Amino acid sequence: MWVEELTLKDYRNYKNQRVSFSRSLNFVVGANGEGKTNMLEALYLLATTKSHRMVSEKELVRTNSDFFYLSCRLHDARVNTTVELGYSLSQKRKAAKISSVPVTRISELIGVLNVVLFAPEDLDLVKGSPSGRRRFLDVLLSQVDKVYFGLLQQYSRVLAQRNECLKAIQLGRLKTLDLEPWTEQFIDLALKISGRRHRAVSVLREEFARLATQINQGKESLLVEYIPSLVLEGTNQATHEQLSRLLTQEIKRGITLCGPHRDDLRFSINSLPATDYASQGQQRTAALALKLAELAYMRYIRGEYPVLLLDDVLSELDANRRAALIEVLSRDVQAIITGTELVDLSPIHVKGNYQVIRIEQGKVM
Amino acid sequence: MHSYPEPILKLISELANLPGIGPKTAQRLAFFLLSQNRGRVAELALAMLEAKDKVSYCEVCFNLAEGKKCPLCEEDNRRRDVICVVQDPRDVAAIERTHDFKGAYHVLHGAISPMDGIGPEQLRVRELLGRLASGEVIEVIIATNPNIEGEATALYLARLLKPIGVKVTRIAHGLPVGGDLEYADELTLARALENRREM
Ligand SMILES: Nc1ncnc2c1ncn2[C@@H]1O[C@H](COP(=O)(O)OP(=O)(O)O)[C@@H](O)[C@H]1O
Ligand SMILES: [Mg+2]
Ligand SMILES: [Zn+2]
C-alpha cells in the first residue's frame, strides 16, 4: 500500500499544503519545529482517527482557524482510495469520507490506510508502562480487524458499568448478584479480545525474534510474549472462577482487577525480564524489531505492507540496526522518513526512486 | 443574543433544554414560532398540555395510555400468556408495526445502567413479577436493545424469571433483511455467526 498524495489544510502549522510521495523511499528533511512530525501525525490520524501524540483534536487545528481538513490518495493492489477527515472546532465534530462517500461513523476510517509509526517515544515501549504496550497491540489489531475495534469499544463500556456496579455494591446500594449481568458480558468480550491479541503475538513473536537476532548478530536472545491477566485456555467457567476469587478485593477497591485492560507484553533478554535488565541499546533493538515485526504481521494479514513512518529515529540507529531496516525497505515498502538531515541509506537509495521533501514552517520548499 | 427581549430569551432557553436541540436550533425554532399567527401557536401549546394531562401509563403494562389501560391491554383478542418485555413505549409501537405479535407487552422504562444510577428498582421489574404471579403466563420474550445495557437487563431478567418456571426467550441478533452480507458491519456479522442456528 502506498500514499501518493497528502493534503493538509489548517492542520497544525500547515496552512494549505499538498505533498506528493514516491512509492518507495521518502525523506522529509527540515530543522526542528518546521512540521516534520506534524506531517506524519496527519497520516497517522487518517489511518487511526487519533493522534499518536495523544492530544485532543482542538490542538490539531491551526491557531486562529476553526477547522482542519486532511485528505490522502492511496493505492493498494486492488483499488485507489481517497480518505478525507475534517474537524470543526466550533461544532466539536469530525467528519470523514472514503472515496467521496461520507461515513456514518468515523471509526469506519480505521483500516483503510494502514501505517506503522516508529517515533522517538517508542524507544520507551520496553521499559515504559504496560498501557503503552497495550496501545501498541490495539492500534495494530484495530487496523487489520474491524471486529476487534468494535469489541474494544464494547469492552470499555462494560468495564465502566462493571466498575460502577462494584462501587455501588461497596456502598450497599446494589447487591453482589447485580454484578452478574456485567460479569457475563465482561467475560465474553475479555476472552475475545485477549484471544485475538494472543493469536497476533504468537505470529509476531517469531519475526520479532528473527529480527532481534539479526540486529544484535546473535549475541543474545530477545523474546516477546503476551501476558494475559485472565486464563485463556479452558472455559468461561474457569474465568468465572478466577473472577470470583477476586470479588471481595474488587468490591473493596471498586474496580475490575483483571482483563484485557490489565494485560501486558513481556520482553525478555536471555530469559531475564527486559523491564529490569535491558540496556539502552537493547531497548532500542527491541523497539525497532517490534515495529518491523508489526510491519510483517500486517502484511501477513492484509497481503500488503502498510506505510512505514519513521519519525526522527534514523540518525540514532547504528549500522546493524540500519542494516535491518534497509533489508525491510528493499522489499516493496513505502517509507516516509523524517530527520534534520538526509541520512545515507545506501545501498537502497543509490538505486534511485527516492524523493527528498524539504519543509520549512509548514511549507514544502 | 443579549439584545433580545426577555420573553424570547426564556423561550430559547426552554427549547434548548429539549433533547437533541442545541442553542442554534432553539433560536431558529423560537423565531419560527414568533413568525406564526397566534392561533397556530396556541394550538401547539394546547397540544403539549393536553398530551401531558391526558396521557399516562397503563396500569398493567406501563405502555402509554389515555385512561387506566392502554389500547392493547383493552383488546379482547390478544394472548395474555405471552409477554414481550421492552425498554420503551416506542419499542411497543415498533413491534406492533410488524403485525406479527399478538401477545401482551411490558414496558420497563429504561435499562439497567449503574453509570446512570439505574438499577432494577428504578425500572418496572417488580410490576413484571407481579404479572407472573398468577401462573397464567407461559413465556416472557425479552426484547431489550441489543447494546451493553439492554443485554445486561436481559441477562438480569433471565436469571430472575427462570426460577419461577416461566419460559424466557431473547429476540435474535441478526443481519438486516434484504441487505447484502458484504455490506453488514463486522460486529453484527460476527454476532450473527456466533448465534447461528441449525437448519
Ligand atoms: N495548532 C497549531 N497551530 C499552529 N502551529 C502549530 C500547532 N501545533 C503545533 N504547531 C507548530 O508546529 C511546530 C512543530 O512541528 P513538528 O512537526 O512537531 O516539528 P518537527 O519538524 O520538529 O517534527 C511548532 O513550531 C509548533 O508551534
Ligand atoms: Mg519532530
Ligand atoms: Zn397496557
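In the text below, chain A, chain B and the rest are named by the order of the sequence lines, each starting its count at 1. This structure is a prediction, so every number in the text was calculated from the model and none was measured.
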CZ/B/Phe31: more than 12 non-hydrogen atoms of other groups inside 6.0 Å: yes
Region of A/Ala160 in contact with chain B, defined by heavy-atom distances below 4.5 Å: both
Proximity breakdown for B/Ile112 and chain A, heavy-atom pairs closer than 4.5 Å: both
Side chain B/Glu186, main chain A/Asp145, donor-acceptor under 3.5 Å: no
Residue, of A/Asp178, A/Leu151, A/Leu189, A/Leu177, that accumulates the most heavy atom pairs under 4.5 Å with chain B: A/Leu177
Whether over 12 other heavy atoms sit under 6.0 Å from A/His261 NE2: yes
Crowding at CZ, B/Arg90 (>12 non-hydrogen neighbours, <6.0 Å): no
Residue, of A/Gln154, A/Arg157, A/Gln185, that accumulates the most heavy atom pairs under 4.5 Å with chain B: A/Gln185
Within 6.0 angstrom of A/Lys167 NZ, more than 12 heavy atoms from elsewhere: yes
Best-contacting candidate, B/Ser113, B/Gly117, B/Ala190, against chain A by heavy atom pairs under 4.5 angstrom: B/Ser113
CZ (A/Arg253) with more than 12 external heavy atoms under 6.0 Å: no
Neighbours of chain A found in residues 140-159 of chain B - heavy atoms under 4.5 Å: B/Ile148, B/Glu149, B/Glu151, B/Ala152, B/Leu155, B/Tyr156, B/Arg159
A/Lys58 atom NZ: more than 12 heavy-atom contacts under 6.0 Å: no
Euclidean distance, A/Cys165 SG relative to B/Met115 CE, rounded to 0.5 Å: 12.5 Å
Residues, nucleotides or ligands: over 12 heavy atoms within 6.0 Å of B/Gln122 CD: yes
Pair A/Lys192-B/Glu194, side chain to side chain contact (heavy atoms under 4.5 Å, CB included): steps then yes or no: CA-CA 12 Å; A/Lys192 283 177 181 158; B/Glu194 199 175 342; 2.9 Å; yes
Atom OH of B/Tyr57 with >12 non-hydrogen neighbours under 6.0 angstrom: no
Salt bridge (Lys or Arg N to Asp or Glu O under 4.0 Å) partners of residues 90-110 of chain A, not counting sequence neighbours, each pair once: A/Glu57-A/Lys94
Which portion of A/Glu184 sits near chain B, non-hydrogen atoms under 4.5 angstrom: side chain
